[in-house]
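Following: one structure in structure tokens, then a few remarks.
Heavy-atom basis, side chains included; hydrogens, waters and symmetry copies ignored.
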Amino acid sequence: MVNVTDGYGSSILGYPRIGPHRELKRALEAYWRGAIPRAELLAVGRDIQDRQFNELAATGLTQVPGNTFSFYDHVLDNALLFGAVPKRFEPYRDELDPLDFYFLMARGNPDVPPLELVRFFGTNYHYRQPELDADTEFSLHPEALLAEFDRAKERGIELRPVVLGPLSLLLLSKAGQIPGQDEFDTLKLLDKLLPAYEQLFEILAKRGSTCVQLDEPAFTSERTPEELAAFEAAYQRLSKAPLRPRMLVTGQYGDFGEALRILATSNVEAIGLDLASYRISPEDLAEIPGIRRKRLYAGVISGQNVWRADRHVTLEYLNRLAQVCPDLVVSTGTTLLHVPYDLLIEYDIPGNVADRLAFAKQKVGEVVSLAKALTDGPSESWRKRPTEVHFKQKHAVRQRVYAVTPEMRTREPYSVRRTAQQAKLNLPPVPATTLGSFPQTGKIRQARYELGQGRLSFDDYKKRIEAEIEATIRLQEDIGLDVLVHGEHERNDMIQYFAELLDGFATTHFGWVQVYGSRCVRPPIIYGDVSRPAPMSVEWISYAQSLTDKPVKGMVTGPVTMLARSFVRQDLPLHETADQVALAIRDELADLEKAGIAIIQVDEPALREMLPLRPQGRAEYLRWAVGAFRLATSGVKPETQIHTHIGYSGRAEVVEAIEELDCDVTAIVATRSIEWVVKALAADSGTDHGLTHGVGPGVYESRSARIPDIDELDELLTAAAEAITPERLWANPDGGLKTRHYWQLEPSLRNLVAAARRVRRRALAGE
């Protein structure tokens with residue numbers, strides 16, 4: 001371990017990997033469409049890696065992480081690092097280049113679906129979920145990791161390789177079912193997996209590596225005694241490996257809980273804590289046996305928000321921590337994957353707000369500065385405190401929130417609404433629809449760019465958008481969908497579009513954050529009280545409805561999702577900000593209803609994302625989250641049908657919360673996890689909680705290029721129809737179709753309509 005008299009260390013746990021100017025996104029999409037060769041894509045990836053470790057070393061960090069780059073997803077990378085390939089992909093292994101085989105697992109093809117896309121620990125990031133079964137065998141494939149390590153070493157930089165810990169790799173994986181065998185627990189594979197980690201350790205040690213980082217984020221969630229026992233046994237074994245680097249085990253995204261106590265009494269040398277998410281007091285830390293002997297990576301700089309830390313308060317806290325753990329490294333609480341690259345290239349953020357922000361580059365600077373101040377004391381520049389942000393307050397907004405009554409969160413009973421809506425809409429059983437977005441063509445993106453540059457008038461821009469809307473309506477009519485959408489062609493993103501039109505939000509030009517693969521978003525920043533100056537979507541939806549006799553859904557993003565997908569102000573309770581956004585949405589729904597829109601979808605795919613990782617606080621969170629949604633949606637008439645879109649979750653409390661939303665129709669991400677949805681649908685089947693309103697279990701994955709066939713969709717819809725009456729069942733994909741091409745979208749939707757009609761015919765025939 002480093003002698004503390006040499007100074008306190010500084011490090012980060014990971015860094016953005018799409019490139020400062022989204023170089024990786026452009027290269028990936030060019031490669032996928034055949035516009036560049038494989039060698040060029042590989043060169044882009046290598047350049048991003050090399051620039052990153054060179055730049056991080058130059059900042060003054062005493063330790064630089066490695067193996068944080070990925071061409072698509074780091075969880076998938078770790079599965080392949082240890083040879084975990086599901087059997088359904090094996091026939092393609094020999095016929096494809098390794099990179100193309102990797103993309104097959106991530107994106108699928110017409111014959112094999114990709115690995116499931118799953119939300120990552122309450123963040124906006126999604127990972128491709130590994131699939132494991134009792135026959136899974138592991139083998140080590142460290143070539144990419146070692147190549148980067150060697151290149152950095154040639155430049156005099158020792159990287160600390162970052163690897164997903166063995167327990168998190170297993171717990172984040174999906175248990176495959178082998179016919180005739182009992183339900184499988186992925187932890188049963190631990191003894192087969194650990195030798196591969198030991199082999200990796202030996203190779204790294206012989207290569208000259210002095211430290212390896214093992215991320216165990218699964219243990220910031222609630223874990224069973226059996227899982228904790230497996231965690232303890234694994235690290236007892238790994239720490240006794242005969243030849244290995246020092247081990248840093250991190251608990252990112254929350255409270256490391258009992259895992260911290262286990263590691264403190266083990267032979268693991270270093271522990272990383274996310275102290276930005278869960279700030280343990282030095283006094284409580286001191287009570288943990290063995291902690292004083294460990295190197296503590298104090299994650300005081302948040303990797304999940306963009307607000308600059310109060311350096312004086314943080315330094316005082318670090319000084320107290322150093323009394324407990326003298327071998328201290330100042331660090332980030334999580335990887336910086338979840339924040340944009342560089343604040344300094346932004347030019348439209350209000351000055352007093354920008355002064356309090358820190359993107360990835362600035363957070364690295366905060367880490368280095370704090371470590372130096374902890375070693376040598378604050379420098380002269382520390383005498384000036386950062387500018388205080390006077391968050392934008394509106395008295396009228398505050399007063400309106402305080403005046404909200406319980407009646408404003410309540411609609412007429414569902415039975416009354418259902419009768420009124422059926423009379424107005426006259427929809428058939430198992431109506432087919434989509435969930436909002438259609439592909440954004442190059443012409444539309446160009447028009448939006450030219451509008452922003454002042455090279456296109458709004459009237460000309462409007463004509464181009466209206467032409468796209470009309471083409472989308474005509475296509476849906478031809479396909480035979482029962483409820484249409486306008487396609488969201490005017491929207492760059494479901495969050496940013498509304499953020500740009502609401503007061504209290506700041507948006508960025510270059511603040512891109514990776515969501516998955518090549519998909520990136522620019523999360524807005526909530527810095528003030530939120531209100532709606534004018535209608536936001538009414539003009540576009542009304543135009544679409546004027547083109548057809550079929551109902552066209554109004555499309556609005558819900559209040560919880562607006563918070564979850566933004567960087568939220570820290571001076572106001574979340575529930576109060578949620579109600580501010582909810583009141584703005586309530587006004588939008590009222591205007592849509594006045595314009596004659598009979599169905600309005602208020603999307604809440606992030607309801608599950610913000611659920612606390614541990615049981616404490618979940619009930620309170622769901623109380624205000626459900627309350628905000630109901631505040632947004634309870635101002636419309638009974639005959640106006642409210643839809644929502646919810647992310648996958650089998651948790652009983654989330655199923656109960658979905659029911660409490662009191663939404664007329666809920667679309668659920670459930671393509672390959674439909675079993676829990678079917679169980680939840682059967683409200684009278686003896687389960688504690690059920691969904692008694694309309695439900696659309698997404699029956700094909702909208703983010704995959706794969707085109708599902710009619711029989712497959714029929715089977716999924718039939719399973720759902722058996723749990724409830726077909727009159728309550730809707731047929732839809734599991735998300736928007738923005739990222740698809742029309743050649744993928746059209747046959748998929750035609751098959752969806754055909755499958756829905758099959759189920760409908762059988763229902764009407766009484767079969």
Side-chain angles (χ1 to χ4, degrees), residues 117-126 304-305 338 435-437 485 488 491-502 504-505 507 513 515-516 519-526 530 532 536-537 553-569 574-589 592 600-612 621-634 642-649 654 657-658 660-663 665-670 696 698 702-703 732 734-736 738-739:
L117 200 60
V118 179
R119 189 74 56 176
F120 193 70
F121 292 100
T123 69
N124 196 24
Y125 183 77
H126 297 68
Q304 295 181 264
N305 70 39
H338 312 297
L435 297 186
S437 60
V485 297
E488 302 182 16
R491 304 182 188 183
N492 41 20
D493 175 78
M494 67 180 292
I495 309 299
Q496 185 172 355
Y497 174 80
F498 290 102
E500 290 174 345
L501 298 173
L502 290 167
F505 281 82
T507 56
V513 174
V515 178
Y516 64 89
R519 172 79 169 134
C520 304
V521 297
R522 287 177 288 164
I525 302 162
I526 303 178
V530 177
R532 185 194 73 142
M536 301 178 288
S537 64
K553 288 191 285 188
M555 305 297 302
V556 183
T557 305
V560 176
T561 299
M562 289 297 296
L563 264 63
R565 306 285 175 84
S566 301
F567 298 116
V568 183
R569 62 191 295 183
L574 277 175
H575 67 83
E576 191 167 332
T577 301
D579 276 357
Q580 290 183 4
V581 178
L583 287 169
I585 294 170
R586 185 183 179 99
D587 294 342
E588 184 72 8
L589 267 57
L592 284 167
I600 306 173
Q601 181 172 310
V602 182
D603 284 329
E604 285 290 23
L607 181 72
R608 169 66 180 85
E609 294 169 25
M610 296 185 71
L611 189 75
Y621 160 70
L622 290 172
R623 182 196 64 76
W624 67 253
V626 168
F629 181 87
R630 293 181 65 151
L631 178 61
T633 57
S634 294
I642 298 295
H643 290 221
T644 193
H645 175 208
I646 298 290
Y648 163 79
S649 178
V654 177
I658 293 172
E660 290 177 355
L661 292 176
D662 196 27
C663 206
V665 179
T666 300
I668 304 176
V669 177
S702 60
R703 294 183 177 94
N732 49 258
D734 71 355
K738 178 180 179 180
T739 61

Inter-residue atom distance M555.CE - L592.CG, 0.5 Å rounding = 11.0 Å
Using modelled atom types only, decide if a donor and an acceptor are shared between the side chain of E588 and the backbone of S537 within a distance under 3.5 Å.
-> yes
Is there a donor-acceptor contact under 3.5 Å from the side chain of H575 to the main chain of Y621?
-> no
Note, N492 side chain near R522 side chain (heavy atom, < 4.5 Å) | yes
Pairwise distance CG(D603) to CD1(I495) - rounded to 0.5 angstrom | 8.5 Å
Of I600, L589, D662, which is the lone residue that meets side-chain contact (heavy atoms from CB on, under 4.5 Å) with T633?
-> L589
Under the side-chain hydrogen bond (donor to acceptor under 3.5 Å, both in side chains) rule, what do S702 and D734 come out as? Steps first, then yes or no, please.
-> CA-CA 6 Å; S702 60; D734 71 355; 3.2 Å; yes
Begin with the C-alpha distance, continue with both residues' side-chain angles, and end with the deciding distance and a verdict on side-chain contact (heavy atoms from CB on, under 4.5 Å) for R491 and F498.
-> CA-CA 9 Å; R491 304 182 188 183; F498 290 102; 3.6 Å; yes
Check for a donor-acceptor pair, side chain of R586 on one end and backbone N or O of L631 on the other, with a separation under 3.5 Å.
-> yes
Measure across Y125 and H338 and return the closest heavy-atom pair with its distance rounded to 0.1 Å.
-> CB-CE1, 4.0 Å
Taken in chain and number order and not counting sequence neighbours, the residues that satisfy side chain to side chain contact (heavy atoms under 4.5 Å, CB included) with T739 are Y516, R519
Is it true that a side-chain atom of S437 and a backbone atom of E488 form a donor plus acceptor pair closer than 3.5 Å?
-> no
Hey, could you give me the CG/CD1 distance between N732 and I668, rounded to the nearest 0.5 Å?
-> 9.5 Å
Would you check if the side chain of D493 reaches a backbone N or O of V521 as a donor-acceptor pair within less than 3.5 Å?
-> no
For residues G558 and V602, report the shortest heavy-atom separation together with the two atoms involved.
-> CA-CG1, 3.6 Å
Short question: side chain of E604, backbone of T561 - any donor-acceptor pair under 3.5 Å?
-> yes
Taking all non-hydrogen atoms of both residues into account, name the closest pair between F567 and N305 and its distance.
-> CD2-CA, 3.8 Å
How far apart are the closest heavy atoms of A606 and A564, and which atoms are they?
-> CB-CB, 3.4 Å
Would you call V515 and H126 a side-chain contact if the rule is heavy atoms closer than 4.5 Å?
-> yes
Could you tell me the separation between the CZ atom of R532 and the CG atom of L583, rounded to the nearest 0.5 Å?
-> 11.5 Å
Compare all side-chain heavy atoms of T644 with those of L607 and state whether any distance is below 4.5 angstrom.
-> no
Residue pair V560 / F629, side-chain heavy-atom distance below 4.5 Å | no
Would you say T123's side chain and F120's backbone share a donor-acceptor pair under 3.5 angstrom?
-> yes
Before accepting this row, confirm whether a basic side-chain N of the pair E609/R565 lies closer than 4.0 Å to the acidic partner's carboxylate O.
-> yes
Say you draw a straight line from NE2 of H645 to CE of M494; how long is it, rounded to the nearest 0.5 Å?
-> 8.0 Å
Under 4.5 Å between any side-chain heavy atoms of I526 and M562, yes or no?
-> no
Could you go through the side-chain contact (heavy atoms from CB on, under 4.5 Å) check for R608 and R119 one step at a time?
-> CA-CA 9 Å; R608 169 66 180 85; R119 189 74 56 176; over 6 Å; no
What's the shortest heavy-atom distance between G736 and L435, and which atoms?
-> N-CB, 4.3 Å
Might you point out which heavy atoms bring A499 and T507 nearest each other, and give the distance in Å?
-> CB-CG2, 4.0 Å
Supply the atom-to-atom distance T666 OG1 to Q601 CD, rounded to the nearest 0.5 angstrom.
-> 10.0 Å
